[in-house]
Amino acid sequence: MARNTLQWKFPAKEIQFLRVEVLFVAFLTVLIFLVTFFQLGDGALAMLYAVLFLIIYGVLSVIVQKISRAEAHYAVKGGHLHVIKKTLRKTVTEKIPLRDVLHHKVDKVFLGGYVLTKKGRKHSLFFNTRKEAEGFERMIQKHLKHVQ
């Protein structure tokens, strides 16, 4: 891989759930536990319902992932951000000139972000690791400094 090139594929095979998804599901699980506990007054039954919710959510999530087969390939090279988004039935390819990027945002906690172009289009970004997010941010900032 060239020095001025960065590539990644999302989701990586080892990524099962997004961080923001895990946070939201944990919140819902606690909510289910508390509502069940205060309505029924039985901690064991509340725990059973919370665990049952997690099992159902996990199984449905895996099924949806297998059916949709959604993935995105990102590459920053040659002054462009190349994005290829694939689902079971559709492939969308975009080539975004880095000189057209007005603003960018990278969230290193939830591993997402976006770039906003001069045409007003917002392109979502998803990362597997903090290292990918930081690498992208370094490259885009370096390129933006050269343009200004």
Side-chain angles (χ1 to χ4, degrees), residues 1-38 46-47 49-148:
M1 182 163 42
R3 188 169 172 225
N4 293 328
T5 301
L6 176 68
Q7 298 181 51
W8 72 97
K9 175 185 166 190
F10 180 84
K13 294 217 184 280
E14 62 273 2
I15 303 294
Q16 194 63 33
F17 300 102
L18 304 175
R19 287 184 180 183
V20 70
E21 181 182 17
V22 169
L23 183 67
F24 184 70
V25 169
F27 171 76
L28 285 178
T29 304
V30 169
L31 188 65
I32 288 170
F33 176 82
L34 291 175
V35 168
T36 306
F37 179 76
F38 287 120
M47 183 63 76
Y49 283 145
V51 170
L52 187 61
F53 167 73
L54 288 174
I55 291 170
I56 291 169
Y57 183 86
V59 169
L60 290 177
S61 176
V62 168
I63 290 170
V64 168
Q65 287 176 9
K66 296 292 181 193
I67 291 172
S68 70
R69 293 187 217 153
E71 64 181 46
H73 298 264
Y74 299 94
V76 180
K77 58 184 174 185
H80 290 84
L81 170 61
H82 301 267
V83 180
I84 302 170
K85 294 181 181 178
K86 296 180 182 180
T87 61
L88 185 61
R89 294 182 177 87
K90 187 176 177 183
T91 300
V92 176
T93 304
E94 298 174 306
K95 186 175 179 182
I96 304 139
L98 294 178
R99 68 178 177 273
D100 289 349
V101 174
L102 285 178
H103 180 69
H104 72 284
K105 179 74 174 167
V106 175
D107 186 338
K108 296 173 193 151
V109 175
F110 293 114
L111 302 175
Y114 65 88
V115 293
L116 186 62
T117 64
K118 291 178 183 176
K119 295 178 181 178
R121 294 215 42 222
K122 190 176 192 178
H123 302 275
S124 299
L125 304 169
F126 300 98
F127 305 98
N128 297 303
T129 64
R130 185 180 184 105
K131 185 178 176 183
E132 288 174 354
E134 290 171 346
F136 174 77
E137 191 167 47
R138 272 193 308 275
M139 286 196 77
I140 196 84
Q141 286 176 345
K142 185 171 95 174
H143 184 78
L144 291 175
K145 284 181 186 176
H146 290 308
V147 172
Q148 296 174 353

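Numbers here are sequence positions counted from 1.
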Close side-chain approach of [X] to [Y], heavy-atom, < 4.5 Å:
| X | Y | result |
| --- | --- | --- |
| Ile140 | Val76 | no |
| His123 | Val83 | no |
| Arg19 | Leu23 | no |
| Asp107 | Val20 | no |
| Phe33 | Thr29 | no |
| Phe10 | Leu111 | no |

Test of understanding: with salt bridge (Lys or Arg N to Asp or Glu O under 4.0 Å), list the residues that count as partners of Lys105, not counting sequence neighbours.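 Residues passing salt bridge (Lys or Arg N to Asp or Glu O under 4.0 Å) with Lys105: none at all.
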
Once salt bridge (Lys or Arg N to Asp or Glu O under 4.0 Å) is applied, do any residues pair with Lys9, and if so which ones, sequence neighbours excluded?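 Glu71.
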
Can you spot which of His103, Arg121, His104 makes a side-chain contact (heavy atoms from CB on, under 4.5 Å) with Tyr114? His103

Once ring-ring contact (aromatic ring centres under 6.0 Å, His included) is applied, do any residues pair with Phe53, and if so which ones, sequence neighbours excluded?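 ring-ring contact (aromatic ring centres under 6.0 Å, His included) list for Phe53, sorted by chain: empty.
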
ring-ring contact (aromatic ring centres under 6.0 Å, His included) partners of Tyr49, counting only residues at least two apart: none

From [X] [atom1] over to [Y] [atom2], what is the distance, rounded to the nearest 0.5 angstrom?
| X | Y | atom1 | atom2 | result |
| --- | --- | --- | --- | --- |
| Ile96 | Leu116 | CD1 | CG | 11.0 Å |
| Leu125 | Glu137 | CG | CD | 11.0 Å |
| Leu81 | Lys95 | CG | NZ | 11.5 Å |
| Ile55 | Leu60 | CD1 | CG | 12.0 Å |
| Arg89 | Ser68 | CZ | OG | 10.5 Å |
| His82 | Thr5 | NE2 | OG1 | 9.0 Å |

Mind checking what makes side chain to side chain donor-acceptor pair (under 3.5 Å) contact with Arg130, not counting sequence neighbours?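 By the side chain to side chain donor-acceptor pair (under 3.5 Å) rule, Arg130 matches Glu134.
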
The side chain to side chain donor-acceptor pair (under 3.5 Å) partners of Lys77 (sequence neighbours excluded) come to none

Closest heavy-atom contact between [X] and [Y]?
| X | Y | result |
| --- | --- | --- |
| Ala133 | Val106 | CB-CG1, 3.6 Å |
| Leu6 | Met139 | CB-SD, 3.3 Å |
| Ala70 | Pro11 | O-CD, 3.6 Å |

Just say parallel, tilted or perpendicular for the rings of Tyr74 and Trp8, cut-offs at 30° and 60°.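 Plane angle under 30°, so parallel.
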
Between Ser61 (side chain only) and Tyr57 (backbone N and O only), is there a donor and an acceptor less than 3.5 Å apart?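 Absent.
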
